[in-house]
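Written below as structure tokens is the structure these notes are about.
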Amino acid sequence: MTRAVTNVVCTLVFSSTYSHGDSELQEVIQYNNGIVETIARGGLVDIYPWMKLFPNRSLSKLKACITVRDRLLSRKLEEHKASLSDGDPRDLLEALLQGQTGSGWGQKSYGSKEERITDDHVLMTAAEAFGAGVETTSTTLLWILAYLLHHPEVQERVQRELDENVGCERAVSVSDRGQLPYLDCVINEGMRIRPVSPVLIPHTAMTDSSIGGHAVRQGTRVLVNMWSIHHDPQHWDKPDLFNPDRFLDDQGQRATPSCFLPFGAGPRVCVGESLARLELFLFLSSLLQRMSFRLPDGDSPPNLQGRLGVVLQPLPYKAVVFPRPGWEGGVK
Ligand code: HEM
């Protein structure tokens with residue numbers, strides 16, 4: 001799952017699409033995993049930065065992974081600079097480079113030093129797409145599959161919807177989304193019940209303000225408790241129950257309650273929301289069209305408690321995957 005999602009972000013950022021087992025993709029996955037594993041383990045160094053002077057294995061691993069990441073992204077940046085052209089950018093690096101030089105998209109050249117996009121801005125923006133776009137999407141997929149193992153009846157209903165609206169003669173495409181409302185509900189319910197970011201990225205109030213009648217002074221650290229919003233019994237009936245139907249109204253149409261905010265809200269809302277929704281839809285629909293997931297004989301269903309690191313992850317679990325009728329021969 002991580003490999004597939006990483007591949008999507010590589011295509012978006014620097015137009016490289018890798019095939020299975022490619023060593024460069026392996027390198028990207030390894031450094032990304034290393035960063036995800038260690039970044040939330042900063043512990044005391046995050047609070048007392050001077051403690052970085054003492055030996056710290058997590059910090060050393062984090063630095064080593066960042067060095068590999070920066071080397072790879074710098075190489076991609078140089079390759080892009082060498083082939084930079086005007087016109088529609090082919091990927092994020094090219095769009096940022098065009099912004100840097102003022103070429104393409106009819107942009108003006110930036111004047112002062114402070115306004116200029118530096119190479120460092122370009123590299124860090126590209127790095128952020130990996131940091132924010134891989135673990136979130138792959139973890140959401142793993143949570144949804146974990147819930148489907150707990151609720152085989154939900155998996156069967158999604159597959160019925162797929163059979164009736166897409167069939168097994170062709171692959172699912174984005175244009176099928178309108179005809180697959182129940183799958184959308186399953187995705188939403190997965191993101192509601194296990195938000196990968198239970199407490200959103202810390203924000204700082206830029207001006208004196210208020211939230212729900214509470215005064216918030218300029219400079220105050222604001223933490224949004226998404227877990228509590230998504231489990232508030234005043235807004236959700238039996239919030240601890242996995243029930244995709246809560247995203248359908250009385251007429252069976254899609255409904256999105258106002259307190260459903262898996263991507264945050266306001267000016268700092270997730271910039272990758274559309275991409276993430278597209279990925280979740282295409283990965284899940286393609287998987288469930290072609291195969292079924294069940295528990296290995298005698299195994300208990302996945303632990304749904306999760307473990308909090310950079311994101312809220314399910315604990316590792318096993319599933320038996322088998323082709324659905326009509327897909328025994330593999331991809332069509
Ligand atoms: C299921 C997948 C995803 C979920 C649940 C998710 C969720 C979020 C949330 C909750 C935030 C914080 C919003 C806030 O603090 O107010 C965020 C920020 C962000 N996300 Fe996502 N995200 C996902 C996928 C992606 C993808 C695929 C990308 C890009 C490739 C991405 C890029 C970003 C960036 C750059 C930010 C920071 C935005 C800012 O601070 O202005 N995310 N995301």
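None of the values given here were measured: they were computed from a predicted structure. Numbering of ligands and ligand atoms starts at 1, following listing order.
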Between Glu189 (side chain only) and Ile144 (backbone N and O only), is there a donor and an acceptor less than 3.5 Å apart?
no

Is the backbone N or O of Asn303 less than 3.5 Å from a side-chain atom of Gln305, with the two atoms forming a donor-acceptor pair by type?
no

Using salt bridge (charged side-chain N to carboxylate O under 4.0 Å, His left out) as the criterion, point out the one residue from Arg254, Arg157, Lys238 that pairs with Asp245.
Arg157

Minimum-distance protein heavy atom relative to atom 32 (C) of ligand 1:
Ala132 CB, 3.4 Å

Please write down residue, atom name and distance for the protein heavy atom closest to atom 15 (O) of ligand 1.
His203 NE2, 2.8 Å

Numbered atoms of ligand 1 (with element) below 4.0 Å of Leu200, judged on heavy atoms
10 (C), 14 (C), 15 (O), 16 (O)

Among non-hydrogen protein atoms, atom 24 (C) of ligand 1 lies closest to Thr136 OG1, 3.4 Å

In terms of atom number and element, which parts of ligand 1 are under 4.0 angstrom from non-hydrogen atoms of Pro262?
5 (C), 7 (C), 10 (C)

Under 3.5 Å, is there a donor on one side chain and an acceptor on the other for Glu135 and Gln313?
yes

Among non-hydrogen protein atoms, atom 35 (C) of ligand 1 lies closest to Val271 CG2, 3.3 Å

Taking atom 6 (C) of ligand 1 as the reference point, the nearest protein heavy atom with its distance:
Phe263 CD2, 3.6 Å

When you measure from the heavy atoms of Glu273 to every atom of ligand 1, does any distance fall below 4.0 Å?
no

Who's the nearest protein heavy-atom neighbour of atom 40 (O) of ligand 1, and how far?
Arg268 NH2, 2.9 Å

Please confirm whether Val9 approaches ligand 1 to less than 4.0 Å, judged on its heavy atoms.
no

Centroid-to-centroid, His230 to Phe260, below 6.0 Å?
yes

Main-chain N/O of Gly306 paired with Arg194 side-chain donor or acceptor, under 3.5 Å
no

For the residue pair Trp143 and Tyr147, does the interplanar ring angle fall in the parallel (under 30°), tilted (30 to 60°) or perpendicular (over 60°) class?
tilted

Any N or O on Thr137 sitting closer than 3.5 Å to an N or O of ligand 1?
no

Top protein contact for atom 27 (C) of ligand 1, by heavy-atom distance
Gly133 CA, 3.6 Å

Among all protein heavy atoms, pick out the one at the shortest distance from atom 19 (C) of ligand 1; state its residue, atom name and that distance to 0.1 Å.
Cys270 CA, 3.8 Å

Is a donor on one side and an acceptor on the other found under 3.5 Å between the side chain of Ser209 and the backbone of Ala205?
no

Any donor and acceptor pair, going by atom type alone, linking the side chain of Glu24 with main-chain N or O of Leu72 inside 3.5 Å?
no

Using a strict 4.0 Å cut-off to heavy atoms of Val196, name the atoms of ligand 1 that fall inside it.
5 (C)

Checking Tyr31 side chain against Ile66 main chain: does a donor-acceptor pair fall under 3.5 Å?
no

Counting from 1 in the order shown, the ligand 1 atoms closer than 4.0 Å to a non-hydrogen atom of Thr140 are 1 (C)

